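Side chains are part of it too, since the values below use all heavy atoms of this structure and drop only hydrogens, waters and symmetry mates. Here the structure is a predicted model, which means the values were calculated and not measured.
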Amino acid sequence: MPWDMNDYPDSFKNLDHVVRKKAIDIANALEANGYDDNRAIPIATEQAKEWAENASEDELQSFKHGPAPKKDDDHDDSSNEELLNNDVLVYYEEDQWVVRTKEAKRPDSTYDNKSDAVERAKEIAENKESNVIPYTKDGDQQSSK
């Protein structure tokens, strides 16, 4: 069910205005990509909070004063469809640990230490009902725990 700033899940009501707006936008995009409500809502909440923590003040202000998400907004529903069930990789590259869904063009996030990267990968994999595939610093695949 798509949402807007006047009609959104109860769990969004205590979010900061900008975070709520971003969560609605993300949830609507996830639903357009085939996620059901009980998966889209927690993913959107987590991603919106993370976005707000990492966004610059300019990005926050721009998004705050930009158009509000609408129920009938178009979302590209084909770009990530093939990634929905792909496993999540954790590997070392350019002096950082990278979390990326297999076949995705860009990483979800990067970390200074592997344990944080694996934790994030587990969250993503749990939401997608997929697996985490960790690698050693040397690039050898490890068994999942």
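Between Ser130 and Asp87, the closest side-chain pair of non-hydrogen atoms falls below 4.5 Å. Counting heavy atoms from C-beta on, the side chains of Tyr135 and Asp140 never come closer than 4.5 Å. At a threshold of 4.5 Å between non-hydrogen side-chain atoms, the residues Ile133 and Val88 do not count as touching. Side-chain contact between Phe12 and Ile41 is present, with at least one heavy-atom pair separated by less than 4.5 Å. Looking at Trp3 and Pro69, their side chains never come closer than 4.5 Å, going by heavy atoms from C-beta outward. Between Tyr8 and Lys13 there is a side-chain heavy-atom pair separated by less than 4.5 Å. Within the 4.5 Å cutoff, no side-chain heavy atoms of Leu89 are placed close to those of Val99. In this structure the side chain of Trp51 reaches within 4.5 angstrom of the side chain of Leu60, judged on heavy atoms.
Distance check, rounded to the nearest 0.5 Å: NZ of Lys114 to CD of Gln96 gives 15.0 Å. In this structure, the separation between OG on Ser62 and CD on Glu57 is 11.5 Å, given to the nearest 0.5 Å. Residue Ile24 holds its CD1 atom at 8.5 Å from CG of Asn6, rounded to the nearest 0.5 Å.
Under the 3.5 Å distance criterion, the side-chain polar atoms of Asp58 are left unmatched by any main-chain donor or acceptor of Gln61. Asn86 contributes a side-chain N or O that, together with a main-chain N or O of Lys102, makes up a donor-acceptor pair within less than 3.5 Å. For the pair Lys22 (side chain) and Lys64 (backbone), a donor-acceptor distance under 3.5 Å is absent. A donor-acceptor pair is defined here as one N or O able to donate and one able to accept, closer than 3.5 Å; such a pair exists between the side chain of Ser56 and the backbone of Glu59. With hydrogens and angles disregarded, no donor-acceptor distance shorter than 3.5 Å links the side chain of Arg100 to the backbone of Arg106.
When all heavy atoms are compared, the tightest approach of Gln142 to Thr136 is CG-CG2, 3.5 Å. Scanning both residues, Val98 and Glu93, for their nearest heavy atoms gives CG2-CB, 4.1 Å. Lys21 and Phe63 make their closest contact through NZ-O, 2.7 Å (heavy atoms, listed as atom of the first residue, atom of the second, distance). Scanning all heavy atoms of the two residues, the minimum distance from Ala44 to Ala23 falls at CB-O, 3.4 Å. Here the closest non-hydrogen pair linking Ser11 and Leu15 is O-CG, 4.3 Å. Considering all non-hydrogen atoms of both residues, Ala48 and Ile26 come closest at N-CD1, 3.8 Å.
With ring centers used as reference points, Tyr92 lies under 6.0 Å from Trp97.
The 12-atom threshold is not exceeded at CG of Asp10, counting heavy atoms of other residues, nucleotides or ligands nearer than 6.0 Å. Sparse packing is recorded around CG of Asp112, with 12 or fewer heavy atoms of other residues, nucleotides or ligands lying under 6.0 Å away. Residue Lys49 places its NZ atom among 12 or fewer non-hydrogen atoms of other residues, nucleotides or ligands, all under 6.0 Å distant.
Taking 4.0 Å as the cut-off between side-chain N and carboxylate O, Arg120 and Asp108 count as a salt-bridged pair.
Two different hydrophobic clusters hold Met5 and Val18 under the rule that ILVMFWY side chains link at heavy-atom gaps under 4.5 Å.
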